[in-house]
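Here is the structure we will look at.
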Amino acid sequence: MQDRIALLSVELQEEKLRLIQIFFWISAAVFTGMMAIMFASLTIVYLLWESARLAALGGLTLLYGGALAAIVIAFRRYLARQPRPFDATLHELTADRACIRTEK
């Protein structure tokens, strides 16, 4: 039982580290992406202010909406490929349960 608890503890540490890393990367990507998008949008709208400001704003809105949809789909695929949390612990507990049942 002590080995199983130690394994669970290691897996908890790994999950915590993975979640912190994911949070850091997402935060950094969101911040830098938003800054780039904001300044690019301001530049485009400023350049087209006299001739086609509404078309520029509408086009940028469609572009950003499409990018958001692509990012959400890619992130869902990423999450689907991740291993289940505590998979090794669950596997070991299942093996232990099978071993105990066969000893009876």
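Heavy atoms only: backbone and side chains are in, while hydrogens, waters and symmetry mates are out.
Contact between Ala56 and Leu48 at its shortest, heavy atoms only, is CB-CD1, 3.6 Å.
Note that CG of Asp96 and NE2 of His91 are 9.5 Å apart. Values are rounded to the nearest 0.5 Å. Rounding to the nearest 0.5 Å places CG of Leu68 at 9.5 Å from CD1 of Ile73.
Tracing side-chain contacts under 4.5 Å through hydrophobic residues (I, L, V, M, F, W, Y), one never reaches Ile26 starting from Leu19; they form parts of separate clusters. A single hydrophobic cluster is not seen to contain both Phe75 and Phe23; linkage of ILVMFWY side chains at heavy-atom distances under 4.5 Å, directly or through other members, places them apart. Hydrophobic clustering of Ile, Leu, Val, Met, Phe, Trp and Tyr side chains at less than 4.5 Å, counting indirect connections, unites Val30 with Leu79. Hydrophobic clustering, with ILVMFWY side chains joined whenever heavy atoms are under 4.5 angstrom apart, keeps Ile22 apart from Ile71. Leu63 and Ile44 fall within a single hydrophobic cluster, where Ile, Leu, Val, Met, Phe, Trp and Tyr are joined by side-chain heavy atoms under 4.5 Å apart, directly or via other members.
Taking the side chain as every heavy atom from C-beta outward, Leu17 and Gln21 approach each other to under 4.5 Å.
Met38 CE: more than 12 foreign heavy atoms inside a 6.0 Å radius.
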Please lay out, stage by stage, how Leu12 and Lys16 fare under the test side-chain contact (heavy atoms from CB on, under 4.5 Å).
CA-CA 6 Å; Leu12 279 171; Lys16 182 177 80 171; over 6 Å; no
